Number of protein chains: 2
Amino acid sequence: MSTSRTIPAKTGNARTKLLDAAIALVRRQGFSATSVDQLCQMAGVTKGAFFHHFANKDALGAAAADHWTDTSSSLFMEADYNRHADPLDRYLAYLDFRDEIATGEVAEFTCYAGTSLQECYGSSDAIRDAAYQSIAGHSARLAEDLDQAIAQYGAPEGVTGLSLGLYTQAALQGAFILAKGQGNAAPVHDAIAHLRRYILMLFNREGKI
Amino acid sequence: MSTSRTIPAKTGNARTKLLDAAIALVRRQGFSATSVDQLCQMAGVTKGAFFHHFANKDALGAAAADHWTDTSSSLFMEADYNRHADPLDRYLAYLDFRDEIATGEVAEFTCYAGTSLQECYGSSDAIRDAAYQSIAGHSARLAEDLDQAIAQYGAPEGVTGLSLGLYTQAALQGAFILAKGQGNAAPVHDAIAHLRRYILMLFNREGKI
DNA sequence: TACAACATACCAACTAGTCGGTATGTTGTA
DNA sequence: TACAACATACCGACTAGTTGGTATGTTGTA
């Protein structure tokens with residue numbers, strides 16, 4: 001889905017190294033504050049390679065968002081929480097999983113898509129669209145489970161799977177911002193606890209609170 | 001509170017015009033993508049004036065966060081929703097108010113503090129601290145009402161006013177990111193609806209859903 | 001031998017920040 | 001009350017360095 005735009009072969013090694021460098025550096029410093037030279041240095045590649053693979057810096061930023069979609073979606077697809085038979089259990093286990101992976105340095109668990117969307121939405125359409133696609137696609141994946149849960153257990157008027165999926169992402173993205181302010185993952189764990197409590201009450205399901 | 005750091009007189013007119021320009025431009029383009037020249041142009045001021053009032057660009061960014069705290073806190077302090085006698089009604093009316101003011105261009109209702117905190121947390125300690133102070137302070141204000149509501153109506157183990165106040169900000173900040181992706185305020189309205197539903201269930205209060 | 005995948009050398013534009021200068025207060029004191 | 005001494009607010013040309021981007025190689029391999 002996210003790779004549909006990047007028709008070119010993606011053969012080279014330099015390309016991938018540049019995309020990984022972009023994700024690491026942009027999460028730490030933001031997009032504008034990260035220079036092409038810096039990206040090349042971290043990737044161990046020269047400027048010629050950079051502009052061989054990407055038309056300009058914005059194109060790298062957008063391609064990195066697609067790269068982020070690919071790597072993170074495979075992370076979530078292969079995770080254990082998908083094994084649960086019950087859709088609501090699956091969602092709750094997804095929250096557990098997100099809780100677990102929010103450790104270490106702040107820049108290591110925050111979201112490339114959210115960061116670059118926040119910063120670049122006004123200056124680069126390509127980055128904005130690719131970054132939003134990343135978040136919206138992930139929400140849509142969550143929405144499948146949530147729609148099944150709604151069909152099975154019912155939900156108040158107006159509550160849809162997609163709406164809950166997007167809200168989940170919103171709460172997480174916002175918690176990442178707070179985590180950047182505090183310098184640790186505490187706000188993420190807190191937000192997930194509130195999110196879980198909301199869902200449990202919404203579906204009248206008792207569980208650890 | 002937020003002005004405690006800025007002991008200097010703040011007399012000049014150029015200073016305020018630069019702070020207003022910073023808030024407008026950074027919300028649209030981000031901090032790094034906004035140049036000093038651009039700020040001066042929008043403020044109708046020269047570079048000499050800029051560096052007379054601010055030691056460097058980062059100092060302007062941090063001062064703008066304080067300025068944002070001042071203007072937004074007076075906006076919320078003077079708003080009607082504070083008139084409610086019941087603390088929970090006050091919080092719910094706060095949500096209504098936030099719902100109302102989320103209109104027009106995305107850059108006009110999103111948060112300077114959240115934007116610059118997200119972007120600058122790794123490159124400027126001064127901006128990070130001032131921006132986080134802005135959000136944390138606002139959360140603390142909310143927490144007062146929420147603590148009163150908890151004292152009055154009770155709440156599950158581990159739910160505190162501050163925790164709910166921070167979670168409220170997280171959901172809003174995250175919704176702003178989604179709004180930037182979609183280009184409209186719909187995600188903000190959605191997030192507020194979920195937030196309201198959560199609070200109503202948490203305090204066993206029926207209300208419009 | 002043709003072409004993709006890189007490397008090297010370079011540039012024009014822009015960047016934050018400096019510096020000498022002016023105009024308009026304010027304040028202490030004779 | 002007059003005037004020297006100083007402070008504040010602001011101007012705009014200048015600079016050293018950085019930026020994204022280009023033009024022109026080289027090299028491995030199909």
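What you are looking at is a predicted structure, and each value in this text was computed from that prediction instead of being measured.
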For atom CG of B/Leu39 and atom P of C/dG17, their distance in whole Å: 12 Å
Pairing partner of C/dA16 (Watson-Crick or G-U wobble, both distances under 3.5 Å): D/dT15
Quick one: is A/His52 getting a side-chain N or O under 4.0 Å of the C/dA5 phosphate, OP1 or OP2? yes
Do B/Lys57 and B/Phe31 meet the cation-pi criteria used here (NZ or CZ under 6.0 Å from the six-membered ring centre, within 45° of the axis)? yes
Identify which nucleotide among D/dC10, C/dA16, D/dG20 has an atom closest to any side-chain atom of B/Ala14, counting heavy atoms from C-beta outward. D/dC10
Residue matched to C/dA30 through Watson-Crick or wobble contacts both under 3.5 angstrom: D/dT1
Report the distance from atom CG of A/Asp37 to atom C1' of C/dA7, rounded to the nearest whole Å. 14 Å
Re C/dC11: Watson-Crick or G-U wobble partner, both distances kept under 3.5 Å, found to be D/dG20
Below 6.0 angstrom between ring centroids: does that apply to A/Tyr94 and A/His84? no
Both B/Lys47 and A/Gly48 contact DNA chain D. Taking the nearest nucleotide for each, which residue is further toward the 5' end? B/Lys47
Side chain of A/His53, heavy atoms from C-beta onward: which of D/dC10, D/dG20, C/dC6 has the nearest atom to it? C/dC6
Return the value, rounded to whole Å, for the distance between atom CZ of A/Phe50 and atom P of C/dA4. 20 Å
What does B/Ser32 touch in the nucleic acid at a heavy-atom separation under 4.0 angstrom: a base, only the sugar-phosphate, or nothing? nothing
Would you indicate what B/Ser35 reaches in the nucleic acid, counting non-hydrogen atoms under 4.0 angstrom: base, sugar-phosphate, or nothing? sugar-phosphate
Keeping to residues at least two apart or across chains, list the salt bridge (Lys or Arg N to Asp or Glu O under 4.0 Å) pairs with something in residues 27-48 of chain B. B/Asp37-B/Lys47
For the pair B/Asp99 and B/Arg196, find out whether any cationic side-chain nitrogen is under 4.0 Å from an anionic carboxylate oxygen. no
